[in-house]
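In what follows, a single structure is set out as structure tokens and then discussed.
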Amino acid sequence: MDMINQFFTVDGGETTLVLSLAAMALTTVLSIIITLVYQMTFSGERYSQNFVHTIIIMSVVVSVIMNVVSGNAGVAFGLFAVFSLIRFRSAVTDAKDIAYIFFGLSVGMTSGLYQFQLAIILTFFASILFYILHKVNYGKGKDTQILKVTVPENLNHENLLDDVFEEFTLSSHLRQVETTNLGTMIMYTYAIRTKNDTNDKVLLDRIREKNANLKVSLSYLQSGN
């Protein structure tokens, strides 16, 4: 560790080309580690290789920017004003993706300020944290689902499914009521969040017992983890 400290020490506080290259090289290695963890913990629907490349490129660029703006507040405000005009061409919809972007930027900023040991510690600590959270499935919960239930007019009443919802769901909200089949049947649309131990098939079977075995559909608003 002493050898690393000597190699990564800024002599007299003056930045040098060697240190700048070292910052970019270290940022590249650390951002590659970040993207490897991202790939191992990815659980979304649409994987993007371009997003992985973006994390690496942005981290390296930010390390250079931090070198440029270090100690110059005027230049810093000017550069941040320029970056505020930049927009992603595609929206980042997954909160975890946003976290990885900030992760990469933080490592780039830390390396750009020549805090190499801190950048290494941050990368490994946060990477291990991300991986553990993914592996133990911390904070797991069911996404909101859309439940559509067709009920014969002669069985229709407001509290028909109350006992089912109480047993299988955390919350349920009636979204829409409409008539079908020339008014002989009624379709109810609910937004529900089922309990973690709820099996979708068991839930549907219980509802079919209530609605004379007519059509029941259950769909997710987004993919669950």
So which residues get pulled into L214's cluster when ILVMFWY side chains under 4.5 Å apart are joined, directly or through others? M185
Any side-chain heavy atom of I132 within less than 4.5 Å of one from Y138? no
Does L174 share a hydrophobic cluster with L160, counting links as ILVMFWY side-chain heavy atoms below 4.5 Å and allowing steps through other members? yes
Is the count of non-hydrogen atoms from other residues, nucleotides or ligands lying under 6.0 Å from Y131 atom OH greater than 12? no
Taking all non-hydrogen atoms of both residues, which atom of V107 and which atom of T123 are closest, and how far apart? CG2-OG1, 3.4 Å
For the residue pair T110 and A119, what are the closest heavy atoms and their distance? CG2-N, 3.6 Å
Closest non-hydrogen atoms of V216 and R208, given as atom of the first, atom of the second and distance, are CG2-CG, 4.0 Å
Linked, directly or transitively: L133 and I128 (ILVMFWY side chains, under 4.5 Å): yes
For A99 and F130, work out which heavy atoms get closest and say how close. CB-CZ, 4.0 Å
To the nearest 0.5 angstrom, please state how far the CZ atom of F168 sits from the CG atom of L147. 12.0 Å
Report the relative orientation of the aromatic rings in Y100 and Y38; use parallel for angles under 30°, tilted for 30 to 60°, perpendicular for over 60°. perpendicular
Count the heavy atoms belonging to other residues, nucleotides or ligands that lie under 6.0 Å from CD of E209, then report whether that count exceeds 12. yes
Full working for side chain to side chain contact (heavy atoms under 4.5 Å, CB included) between S20 and Y114: CA-CA 8 Å; S20 298; Y114 306 127; 3.4 Å; yes
Do L122 and F124 belong together in a cluster built from hydrophobic side chains that touch within less than 4.5 Å? yes
Per-pair distances, 0.1 Å, donor-acceptor, side chain in residues 24-31, under 3.5 Å, sequence neighbours excluded:
unit_1 : atom_1 : unit_2 : atom_2 : d
T27    : OG1    : A23    : O      : 2.6
T27    : OG1    : S111   : OG     : 3.4
T28    : OG1    : M24    : O      : 2.8
S31    : OG     : T27    : O      : 2.9
S31    : OG     : T28    : O      : 2.9

Student check: side-chain heavy atoms of K210 and D163 closer than 4.5 Å: yes
Spatial distance of atom CG (L129) from atom CZ (F103) [nearest 0.5 Å]: 9.0 Å
Just wondering, more than 12 heavy atoms not from E166 lying within 6.0 Å of its CD? no
So, taking the atom named OG in S59 and the one named CG in L105, what distance separates them when rounded to the nearest 0.5 Å? 6.0 Å
Donor-acceptor contact present, side-chain K195 to main-chain E167, <3.5 Å: yes
Side chain to side chain contact (heavy atoms under 4.5 Å, CB included) assessment of Y190 paired with L161: CA-CA 11 Å; Y190 299 90; L161 300 177; 4.0 Å; yes
Nearest 0.5 angstrom please: I33 CD1 to I56 CD1, how far? 11.0 Å
Report yes or no: do I55 and Y47 belong to one cluster of Ile/Leu/Val/Met/Phe/Trp/Tyr joined by side chain heavy-atom distances under 4.5 Å? yes
Using the side chain to side chain contact (heavy atoms under 4.5 Å, CB included) rule, take D200 and Q145 through it: C-alpha gap first, then chi angles, then the decisive distance, then the call. CA-CA 11 Å; D200 289 344; Q145 297 168 279; 3.7 Å; yes
According to a hydrophobic-cluster definition based on side-chain heavy atoms being under 4.5 Å apart (Ile, Leu, Val, Met, Phe, Trp, Tyr only), do I57 and I32 belong together? no
Which value, rounded to the nearest 0.5 Å, describes the distance between N154 atom CG and T184 atom OG1? 9.5 Å
To the nearest 0.5 Å, what is the distance between CD1 on I192 and OG1 on T144? 9.0 Å
